[in-house]
Amino acid sequence: MNFTMNKLSGILENVTISDSKQHFYLLEMQYFTEVLSHLMNDLLDKLNDMQQQAVLHDTGPLLILAGAGSGKTRVLTHRIAYLIRELGVSPYQIIALTFTNKAAGEMKERVASIVGEGAESVWVSTFHSSCVRILRRFIDTIGYDRAFTIYDSDDSKSLMKEVFKYLNIDSKQLKEKAVLAVISHAKDELVGPEVYAKDAPSDAINRKIAACYTEYQRRLKANNALDFDDLIFKTVELFQNNPDALEYYRRRFRYIMVDEYQDTNHAQFVLIKLLAHHVNDEGEIEKNLCVVGDDDQSIYRFRGADIRNILDFEDVYPNAVVIRLEQNYRSTGNILDAANNVIHNNIGRKDKTLWTANPTGEVTEVTCYENDNDEAAGVVSDIISRCDNEGYSYKDFAILYRTNAQSRAFEERLIYRNVPYRIIGGQNFYQRKEIKDMIAYLKVIDGSLDSLAVKRIINVPRRGIGLASIDRIDAYATEHDISFYEAMKNIEFIPQVARAKAAVNSFVSMIEVLRGKLAGGEYSIADLIDEILEATGYIDYLSEDDEPSKVEERIENINELISKMTAWADEQEDEDAAHDLKNFLDEIALVADIDGYSEDSDVVVLMTIHSAKGLEFPNVYLVGMEEGLFPSYMSINADNPADEIEEERRLCYVGITRAMQHLKMSYCKQRMMRGDIQFNKVSRFIKELPRNLIKMSGNQHSGRLSDTSFSSKSYSFENPRSDRSRPDSYASRSGSGGSYPASNTELPGIRSGGSSADASKLSDFLRSNPYAEKHKLPPAGLSAVADLGFGIGDTVRHYKFGEGVVTDIVKGGKDYEVTVNFPVGTKKMLASFAKLEKV
DNA sequence: AGTCACGTCGTTTTT
DNA sequence: CGACGTGACT
């Protein structure tokens, strides 16, 4: 509290008052300070010196270099609290920018818990939603309608397809995705179509891309739509073209905080710089910008993140104060050592070494498995045994991998062993067909000028409006410079569309009716879905189309959407349903997979290392540690492998530092990739770990760890036999293959047989089913309905055969073939038909 | 207009 | 392997 006291005395010294009075004031102040210190105790108490310094920093630019697990969120939230509570800053004048809604939500919550009343006025949100908020207010000044829609990557791709068609570009020569990637990068760099056309090298390919960019942007505008990158780009454009808008936000945001600063791209950098320039009433420039980041955790370069933003912060903001947070509170000493050893192989980083006062802990176990299925089996077994023997819960475990495709083997194994789990990533909830259809209806009802949404649903369910009709309506719309939907209303004047005329008319009147009901206040937005389903016969359409299990899943998803909308509408103070709808559409356009992750439910969680950034788990399995997978094939064969590999290494660093108590890594001798078998070598990142920090297990081949040289293109087909003859400096020292934990009966090397062969060996199958809690509706990101509700060894009831014991479960296609021993005999049946119930 | 069968291509990571 | 797109056929 000396700090506060000194500060207050300092203030007093600058005030001219008589000595006696000053003394009096000092006493007053002393009392005041005591009260204050009481208040501040909880603010500073649990913080170390560096963290306190960061919290107490008030004016001028501040760079907090926060290592993994060093408590940066705590510092950010406490700093906000300090500004409000101690410096009397109005919450309204603070903005905190994050990358995910999850991070924003957590920050909001934590600030609210410290500050209480008023915290809700702090503007805490993602870059993208902040920009939406700003643009909704001012975008009309740069030529867009304020009711713009937001395109997700699927929408962008559809639009690009139209562009390709229009420009007669063969999608075999040039990929939509590739063009979109180039455009995205250009936008990240604030390079518009004109500049791109002018500056990009004028080879044939680039001229085509430039043409696509121009046309793509023209069509976005015609649809009154912005893609993800536009949200940032257009906000910068707005600020550069509309000084009033800029001034408004400059005045408003006296304190700007940015989380994960190392992930910002150039456009975001410029945006921040524009906002951070603030002139106070005395005409002095204050840049109360506080950024937090860690260059070692910069893993989004592929998305345009520019690591220089953080490395050059002090050059851009010359009087910046730099505070380093290097004490890690999360991991054991050994885990941290491992992380430090890996990341030290990178050059071009701000050198720092994280340390911890935590116990040393155990060494990292590195296991070699025969193949990806064995790897999954080994990891899942390990999780089960540690839950049983060490008192962990499922939620204490995370399986982290480089690519989403790797989740599959683990998912199958988790189902097989009846372990509740949750996969983050893969297909986003809002990207599912049925959800996108519903959203498209909502967008059209909302009255958006977006033609993509209309085109998506105009013939879903089938109404007999084919491609030819759509093209003609489109042509009419372009010709008369009206939206696609407006053109539909004029169907009478489009001569070529004869047969579909009635269908189009009834579609339009259906939309109009729904629109009227919404405007009339008869319905909440959730009711609207019911109305749509009924008016369109959508459920029937689903039912005739897909296989039964899929249909059920889709209907469940729609129900989930309805509950999300209900929950959303309940939170809104707004009584106007039409308004609710607009806000809801904004909200869902910007959700990320990770936003749906909650620490609460007791499930094993699976995700990419990218998604795991910012999270922590007691036990982490870093799987697929193989050359070609991690670091990825793409990075090894890139034009600039050195840079790309460094990014992969940072990713590895992020993965390692997610672990609090136990870290386990694994790799496979062979793995199924794209339908054929790949033979990968152990990842170089494992070799970067000092020997005393790891324990090798599984029967890795000789030589596997001693040889880094492999041909650049194909390192598959490494012959295991010839390998074995090579000397092995590494594995032999650690006792090759010898050290399985005794509790683990299912480790690799025993045999790489199918699951039923494994099952017979697994006595622990007969243990009671730990999985009591039934899954509720699949939350966003859950890729499949995970459980059958029973596992091998459980007793189940069949409506006809009575009670029996499950002896085997085999996944076949979308269903499970369950073998059950009934009194009447052993029966094999499909889970979806048998309606088996656990007893 | 809609459906079925075959071929191609892809997997890095995502707001 | 599996998703998706194209093309021919009904």
Side-chain angles (χ1 to χ4, degrees), chain A residues 97-104 125-132 150-154 156-157 161 164 170-172 175-178 180-181 184 187-188 226-232 260 263-265 267-268 298-305 372 400-409 424-428 430-431 433 459 461-470 499-500 503 544-545 588-595 607-613 624 628-638 644-645 647-648 650-652 654-655 671-678 781 813-814:
Chain A
L97 293 166
T98 65
F99 277 88
T100 65
N101 295 304
K102 182 174 194 287
S125 78
T126 65
F127 274 97
H128 294 268
S129 11
S130 298
C131 287
V132 171
I150 303 163
Y151 276 6
D152 65 17
S153 22
D154 287 342
S156 296
K157 204 175 168 199
K161 264 183 199 154
F164 270 39
D170 183 4
S171 62
K172 281 193 180 89
K175 298 265 162 295
E176 286 97 347
K177 252 176 97 180
L180 282 169
S184 173
K187 287 182 176 178
D188 288 344
L226 302 188
D227 66 15
F228 282 140
D229 304 307
D230 279 343
L231 293 176
I232 315 286
E260 308 279 19
D263 290 337
T264 50
N265 61 33
Q268 286 157 338
S298 158
I299 54 173
Y300 283 109
R301 208 172 56 145
F302 71 92
R303 203 169 69 186
D372 43 351
L400 307 182
Y401 36 74
R402 178 67 238 269
T403 65
N404 278 308
Q406 286 166 262
S407 66
R408 203 159 157 158
I424 311 291
Q427 206 195 18
N428 185 308
Y430 293 104
Q431 286 172 336
K433 263 192 203 75
N459 205 28
R462 299 205 168 84
R463 299 185 176 88
I465 307 173
L467 226 61
S469 305
I470 293 176
R499 241 168 81 202
E544 71 199 36
D545 216 51
I588 61 172
L590 299 170
V591 294
D593 295 318
I594 195 67
D595 297 336
M607 62 179 99
T608 61
I609 305 171
H610 279 92
S611 297
K613 190 160 72 128
L629 190 58
F630 192 24
S632 77
Y633 171 83
M634 301 286 267
S635 65
I636 296 170
N637 286 341
E644 303 257 329
I645 296 280
E647 172 121 339
E648 296 279 307
R650 288 192 292 269
L651 188 58
C652 183
V654 169
R671 124 178 355 257
M672 277 291 257
M673 280 171 94
R674 280 195 232 139
D676 52 19
I677 298 171
Q678 294 273 319
K814 303 285 175 212

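Every chain is numbered from 1, with letters handed out A, B, ... down the list of sequences. Values below: all heavy atoms of this structure, side chains included; hydrogens, waters and symmetry mates excluded.
- Comparing A:Arg674 and A:Tyr300 by the nucleotide of DNA chain B that holds the closest heavy atom to each, the one mapping nearer the 5' end is A:Arg674.
- Aromatic ring centroids of A:Tyr300 and A:His610 lie under 6.0 Å apart.
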message: salt bridge (Lys or Arg N to Asp or Glu O under 4.0 Å), that's the test. Do A:Lys613 and A:Asp263 meet it? Break it down for me.
response: CA-CA 11 Å; A:Lys613 190 160 72 128; A:Asp263 290 337; 2.4 Å; yes
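- If you take CZ of A:Phe99 and C1' of B:dT13, they are 15 Å apart, rounded to a whole angstrom.
- Rounding to the nearest 0.5 Å gives a distance of 4.5 Å between CD1 of A:Ile609 and CG of A:Leu651.
- The two residues A:Ser130 and A:Leu97 come nearest to each other via the heavy atoms OG-CD2, 3.2 Å.
- In this structure, the side chain of A:Asp227 engages the main chain of A:Asp230 through a donor-acceptor pair within 3.5 Å.
- If you check every strand for non-hydrogen atoms under 4.0 Å, A:Phe228 touches a base.
- Side-chain N/O atoms of A:Arg303 include none lying less than 4.0 angstrom from OP1 or OP2 on B:dT12.
- With no hydrogens or angles considered, no side-chain donor-acceptor pair links A:Ser156 and A:Ser153 at under 3.5 Å.
- Heavy-atom distances to DNA chain B give each of A:Ser469 and A:Ala592 a nearest nucleotide, and the one nearer the 5′ end belongs to A:Ser469.
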Distances under 3.5 Å between protein N/O atoms and the N/O atoms of nucleotides 5-10 of chain C, please, pair by pair.
from: C:dG5; atom 1: OP1; to: A:Lys161; atom 2: NZ; distance (Å): 2.7

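- When rounded to the nearest whole Å, the span between NE2 of A:His610 and P of B:dT14 equals 7 Å.
- Proximity of A:Asn459 to the phosphate of B:dA1: no side-chain N or O atom is located under 4.0 Å from OP1 or OP2.
- Nucleotide B:dT13 holds its P atom 9 Å from the CD atom of A:Gln406, rounded to whole Å.
- Ring pair A:His128/A:Phe228 is perpendicular by interplanar angle, where above 60° counts as perpendicular and below 30° as parallel.
- With rounding to whole Å, A:Ile232 atom CD1 is found 8 Å from B:dT15 atom C1'.
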Between the protein and nucleotides 4-6 of chain B, which nitrogen or oxygen pairs are less than 3.5 angstrom apart?
none

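- Distance from the side chain of A:His128 is smallest for B:dT15 among the nucleotides B:dT12, B:dA1, B:dT15.
- Between the side-chain ring of A:Phe302 and the base of B:dT13, a stacking contact exists by the 5.5 Å and 30° definition.
- Heavy atoms of A:Leu467 sit under 4.0 angstrom from primed sugar atoms or phosphate atoms, though from no base atom.
- Here A:Glu648 lies in heavy-atom contact (under 4.0 Å) with a base.
- A:Asp263 comes within contact range of no nucleotide atom at all, as no heavy-atom separation falls under 4.0 Å.
- For the pair A:Leu231 CG and B:dT15 C1', the interatomic distance rounds to 9 Å; values are reported in whole Å.
- In this structure, A:Arg463 reaches neither bases nor backbone, as no heavy-atom distance under 4.0 Å exists between it and the strands shown.
- Atoms CG (A:Leu651) and C1' (B:dT14) sit 13 Å apart, rounded to a whole Å.
- The CD1-P distance, from A:Ile636 to B:dT13, rounds to 16 Å in whole Å.
- When heavy atoms are screened at a 4.0 angstrom cut-off, A:Ser611 is found touching the sugar-phosphate backbone but no base atom.
- Here the side chain of A:Asn101 pairs no donor or acceptor atom with the backbone of A:Ser125 at under 3.5 angstrom.
- Contact annotation: A:Asn404 reaches the phosphate of B:dT14 (side-chain N/O to OP1 or OP2, under 4.0 Å).
- Remark: the backbone N or O of A:Ile465 is paired with a side-chain donor or acceptor of A:Asn459 at under 3.5 angstrom.
- Residue A:Lys177 is classed as a sugar-phosphate contact, given heavy-atom separations below 4.0 Å to backbone atoms only.
- A:Asp595 comes within 4.0 angstrom of no nucleic acid atom, judged by non-hydrogen atoms across all strands.
- Judged by distance alone, with hydrogens and angles left aside, the side-chain atoms of A:Asp229 form no donor-acceptor pair with the main-chain N or O of A:Lys187 at under 3.5 Å.
- In this structure, the CG atom of A:Asp154 is 14 Å from the P atom of B:dT14, given to the nearest Å.
- Proximity note for A:Arg462 (side chain, C-beta onward) versus B:dG10, B:dG2, B:dT11: the nearest is B:dG2.
- For the ring pair (Phe, Tyr, Trp, His ring centres under 6.0 Å) test, no residue two or more places apart in sequence or in another chain qualifies with A:Tyr401.
- A donor N or O paired with an acceptor N or O is found under 3.5 Å between the base of B:dT13 and the side-chain atoms of A:Arg402.
- Residue A:Thr608 places at least one side-chain N or O closer than 4.0 Å to OP1 or OP2 of B:dT14.
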